[in-house]
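Every heavy atom of this structure was used, including side-chain atoms; hydrogens, water molecules and symmetry mates were not. Every chain is numbered from 1 and lettered A, B, ... according to where its sequence line falls, protein lines coming before strand lines.
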Amino acid sequence: MTSTTEQQPQTERYEPGAIEQRWRQRWEESGLYRTEDHVEGRDNWYALTMLPYTSGDLHVGHWFAMAPSDALARFRRMRGYNVLFPIGFDAFGLPAENAAIAGGAHPKDWTDGNIVHMREQLKRMGTMFDWTREVDTSSPDYYRWTQWWFLQLYRQGLAYRADAPVNWCPSCNTVLANEQVVLGACERCHAVVEQRAMEQWFFRITNYAEELLANEELEWPEYVKLMQRNWIGRSEGSEAAFALETPAPDGTDEIRVFTTRPDTLHGVTFMVLAPEHPLVRQITTDEQRGEVEAYVRAAGLASELERQATDREKTGVFTGAWCVNHLTGDRVPIWIADYALATYGTGAVMAVPAHDQRDFEFAEKFGLPIPVVIAPPEWDGQPLAEAYVEPGTMVNSRSFDGLPSEEGKAAVTAHLEAQGWGGPKIQYRLRDWLISRQRYWGAPIPMVYCAGECGIVPVPEDQLPVELPYDVEFLPTGQSPLALSEEFVSTTCPACEGPARRETDTMDTFMCSSWYYMRYADAVNGASAIAPGPATAWLPVDQYTGGAEHATMHLLYARFFYKAARDAGTVPGDEPFTRYFAQGQILGPDGRRMSKSRGNVVPPDDQVDQWGADTFRAYLMFLGPWDQGGPYDVEGIVGVARWLRRVWSLAADPPAGGGAAGGASREALREAHRTLERVTEDYDGFDLNTAVAAMMELTNTLVRTREAGPVDEADWNESLRLLLLMLAPVCPHIAEELWERNGQPYSVHQQDWPTADPALSALETVELPVQINGRLRDRIDVPPTATEAEVRALAETRPRIAELLDGREPERVIYVPGRMLNLVLR
RNA sequence: GCCGAAGUGGCGGAAUGGCAGACGCGACGGUCUCAAAAACCGUUGGGCUUCACGGCCCGUGUGGGUUCGACUCCCACCUUCGGCACCA
């Protein structure tokens, strides 16, 4: 690659457009990225990037998520692993249907068209995706198995049907999961969410609450694990029963509550039921009925937003009914108030106004007594100005008086248990996963309702998939469009062969994305969702990357799903994603979220057209730390473009050979080895920005070396070879092109990662800062291995140091070899 | 309100107990050019000082502390971002 002949007057310019297209074609034709389940002598490595939703257009965020993932997957491959790096499409969901309702194309046509377009966009990225394993979650070949999983969970007792208050979006005309309600509004359309009762399918994710909570061992960002733990929200406390003074018509004779403060049980002065609590209707006295019903009605209509406003004044109504506190024998009035949540605990709260701020505010407003049962330290016996929630000493608590409240918790709980009035209880904030959607564009729930005696009957596996009919009406009626399709709805009961109706709800799309990574391992299997061979070959995923906005939804659902699959014997291990890395969010040039309405969207296709995929990839990785994201500065990319032009010129316009061995080109080679150490470490630690910076430095050194005169050919060639190998993961096309031009065998992406030679990478001398009293005063060149005595002796010969020492003996000498020397006088 | 993360040049960032500002953008100056662009070279935290080489002081959100030495560790506060939010 050096030239001893006269230099060409005109050097060929770097034209990314032409070479990138050519290499992608060559890679595809040679099956370079085809991944086998097993390769002799190589361990498997499963690298996964979150699959994109089929919105129709790739945005910079997709590139920011996928291009660095690809670089790291390529690096793993060069490090000797058999790497699976698949891609697919999350293709079910509301936008497709909204497009249809808006009078556009059919959801299927809309989605299929988007996939075709996005597949082409993805291919321009130059990734090592194995397209033979592509997954489309809306294809019957895929959702057939999503339905199979539903049946599997049903068999495991993890799917059930329940009537429950649900979040209803009046605009989308559908039920939303708690996670899809943001600040009381619909996550997608921002309409204000109402409450409605409906019969729905749930998954018992709460069965796995403890196991999901135990996530400490996962190699995930700590903050994501913490978010999940907070989301699950484990609370230790007690359950306590209060006897109804008058049993309810259905025979219920007590109200059970969950409390984290059993030590305050003697201070209960009223009970609060959630307005939706089933007992409300039964125990309300005729006298109070009118007021109570009005309140319940108002609470149902009140938006989630209104109910969730924390600074709102407390409201509530007395039911007219009373219960009895077993511990004291006191009569306790039963109120309803919307600060009690129907979906947490038992939907009922024992109110201890002296020691809970919410209860305190309620009691003050309605003139209820506020007896102190936990004395604050130095308490003067006067009424409290606000609830005292800290630990203290139990008072007015009969036989428990004098006990520290923290000990009182266990003592009271033990007493409750002994008397049969309750006992210890662990409560979670996590709710079961509501998966029913009254929508068309999703996987139909494979259940049948028999008109006869059989009740709810699962569709037999050999009748899957329950296919989505193409011809349906997309009227937003509040029912699934499937309910309007008589052809779909009417069927025969699999059990008795009598008339039956199909379930018309479809599944939450998080269901599809809870197992897609399993399917990649065995994407074309027509006989099962995933066979044992591929499952053990690839699962669990070694490295997952994607946005942390999925911390409490997708990532939690997938963990639940995997554990259920494990219990069914389908997958190995306990967790789907051994390692997870959350990349940051890329923002518009103005530092705000990219959006069409703000006009700050940077279309990735334009960047590729202008600069080439390699430049764009490298720039996204160079911007800053991958986990931080940040603004996309359209001006900055030119720096990366200049760098790659310089890299190109190193190969296209080589220096004259015949230079002295051991000269500048030897120094350059030494730097190449040091760069290799840095880049290797940086790739390992996801520090792509500093890896690119290190390669830029090496490139600058090589350019200077070339300009300085003739080089030693062997040293020069080896330096350039190392640079191209290091560059290959980040810029796969230009690395491949220059690799070939340098006469190396196809393909650079199949090469082993080089090993740095410590003898070459070691520095011969370092510039050692010399400090006096911790202040930098001079620098001396010494071998990194120099002893303290040698370094000190040399330092003292320096005029400046000698002057400052002025003959004095340092009180202390601190020497960190290779880093600095500090002479402390004082 | 609670939990978590982060504050460094004009800008993106580097350095996680040892030379603050690597690498890059921008800006300024220069080479080439009829000219411009591109490319290339140089300068670029602030202040003081020197004819000059150089030297000194200040400087990593604010205030304290630990240390020979602090962007880095500790305490308090301010700001920004993310999550949760009447969860009994």
Undergrad: What is the distance, rounded to the nearest whole Å, between atom CD1 of I637(A) and atom C1' of rG12(B)?
TA: 14 Å

Undergrad: Taking the six-membered ring for Trp, are F510(A) and H554(A) parallel (under 30°), tilted (30 to 60°) or perpendicular (over 60°)?
TA: parallel

Undergrad: Within the 4.0 Å heavy-atom criterion, would you say Q771(A) contacts the bases, only the backbone, or no part of the nucleic acid?
TA: base

Undergrad: What's I814(A) touching, base or sugar-phosphate or nothing? Going by heavy atoms closer than 4.0 Å.
TA: base

Undergrad: Nearest whole angstrom, please: distance from the P of rC68(B) to the CD of E809(A).
TA: 18 Å

Undergrad: Whole angstroms only, please: what is the CD1-C1' distance between I801(A) and rG55(B)?
TA: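 Rounded to whole Å, this separation is 13 Å.
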
Undergrad: Let's test your reading of the model: under 3.5 Å, does the base of rC19(B) pair with the side chain of R779(A) as donor and acceptor?
TA: yes

Undergrad: Would you indicate, yes or no, if rA39(B) has its OP1 or OP2 atom less than 4.0 angstrom from a side-chain nitrogen or oxygen of R645(A)?
TA: yes

Undergrad: If anything within 90° of 0 is syn and all else is anti, what is rG59(B)?
TA: anti

Undergrad: If only side-chain N and O atoms of R706(A) are considered, is one of them under 4.0 Å from the OP1 or OP2 phosphate oxygen of rC40(B)?
TA: no

Undergrad: Is a salt bridge present between E803(A) and R798(A), judged by a nitrogen-to-oxygen distance below 4.0 Å?
TA: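 No, this pair does not count.
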
Undergrad: Let me know the distance between CZ of F270(A) and C1' of rA88(B), rounded to the nearest Å.
TA: 11 Å

Undergrad: Taking the six-membered ring for Trp, are Y632(A) and F616(A) parallel (under 30°), tilted (30 to 60°) or perpendicular (over 60°)?
TA: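 It falls in the perpendicular class, over 60°.
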
Undergrad: Check every strand shown and say whether E767(A) touches a base, only sugar-phosphate, or nothing at a heavy-atom separation below 4.0 Å.
TA: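 Here E767(A) touches the bases of the nucleic acid.
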
Undergrad: Report which part of the nucleic acid R646(A) touches: base, sugar-phosphate, or nothing (heavy-atom distance under 4.0 Å, all strands).
TA: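 Here R646(A) touches the backbone only, sparing every base.
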
Undergrad: Work out how far the P atom of rC58(B) is from that of rA70(B), and round it to whole angstrom.
TA: 12 Å

Undergrad: Between rC23(B) and R678(A), is there an OP1 or OP2 to side-chain N/O distance shorter than 4.0 Å?
TA: no

Undergrad: rC51(B) and rG29(B): how far apart are their P atoms, nearest whole angstrom?
TA: 27 Å

Undergrad: Give P631(A) one of three labels, base, sugar-phosphate or nothing, depending on what nucleic acid heavy atoms sit under 4.0 Å from its own.
TA: nothing

Undergrad: Is N689(A) close enough to rG12(B) that one of its side-chain N or O atoms is under 4.0 Å from OP1 or OP2 there?
TA: no

Undergrad: Heavy atoms, side chains only, cut-off 4.5 Å: are L650(A) and L723(A) in contact?
TA: yes

Undergrad: Over 60° means perpendicular and under 30° means parallel, so classify the ring planes of F686(A) and F581(A), tilted if in between.
TA: parallel

Undergrad: Could you tell me whether Y223(A) contacts a base, only the sugar-phosphate backbone, or nothing, with contacts defined as non-hydrogen atoms closer than 4.0 Å?
TA: sugar-phosphate

Undergrad: Quick one: is rC23(B) close enough that its OP1 or OP2 comes under 4.0 Å of any side-chain N or O from T690(A)?
TA: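 The answer is no; no side-chain N or O of T690(A) sits under 4.0 Å from OP1 or OP2.
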
Undergrad: Assess the pair F362(A) and W335(A): is the distance between their ring centroids shorter than 6.0 Å?
TA: yes

Undergrad: For the P atoms, the ones on rA20(B) and on rG55(B), what distance do you get once it is rounded to whole angstrom?
TA: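 Each nucleotide's P atom is 14 Å from the other's.
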
Undergrad: Find the distance R819(A):CZ to rG18(B):P and express it as a whole number of Å.
TA: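 About 6 Å, once rounded to whole Å.
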
Undergrad: With the side chain of N822(A) defined as its heavy atoms from C-beta on, choose the nearest nucleotide among rG18(B), rC19(B), rA88(B).
TA: rG18(B)

Undergrad: rA88(B) C1' sits how many Å from R431(A) CZ, rounded?
TA: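 Result: 12 Å.
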
Undergrad: By the 4.0 Å heavy-atom rule, please label V257(A) as base, sugar-phosphate, or nothing.
TA: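 The answer is nothing, as V257(A) stays clear of every strand by at least 4.0 Å.
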
Undergrad: State plainly whether the residues R704(A) and E667(A) are in salt-bridge range, i.e. N to O under 4.0 Å.
TA: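 Salt bridge absent between R704(A) and E667(A).
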
Undergrad: In whole Å, what separates the C1' atom of rA6(B) from that of rU72(B)?
TA: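 Pairwise C1' distance, rA6(B) against rU72(B), rounds to 14 Å.
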
Undergrad: What is the distance, rounded to the nearest whole Å, between atom CG of N700(A) and atom C1' of rC41(B)?
TA: 13 Å

Undergrad: Tell me whether the OP1 or OP2 atom of rA88(B) has a side-chain N or O from R429(A) closer than 4.0 Å.
TA: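 No, R429(A) has no side-chain N/O under 4.0 Å of OP1/OP2 on rA88(B).
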
Undergrad: If you look at every strand shown and take non-hydrogen atoms under 4.0 Å, does V824(A) touch a base, only sugar-phosphate, or nothing?
TA: sugar-phosphate

Undergrad: Reckon R229(A) touches a base, only the sugar-phosphate, or nothing at all at heavy-atom distances under 4.0 Å?
TA: nothing

Undergrad: Just N and O in the side chain of R642(A): are any of them under 4.0 Å from OP1 or OP2 of rG26(B)?
TA: yes

Undergrad: To the nearest angstrom, how far is Q628(A) atom CD from rC81(B) atom C1'?
TA: 11 Å

Undergrad: Using atom C1' of each nucleotide, how far apart are rC11(B) and rG26(B) to the nearest Å?
TA: 7 Å

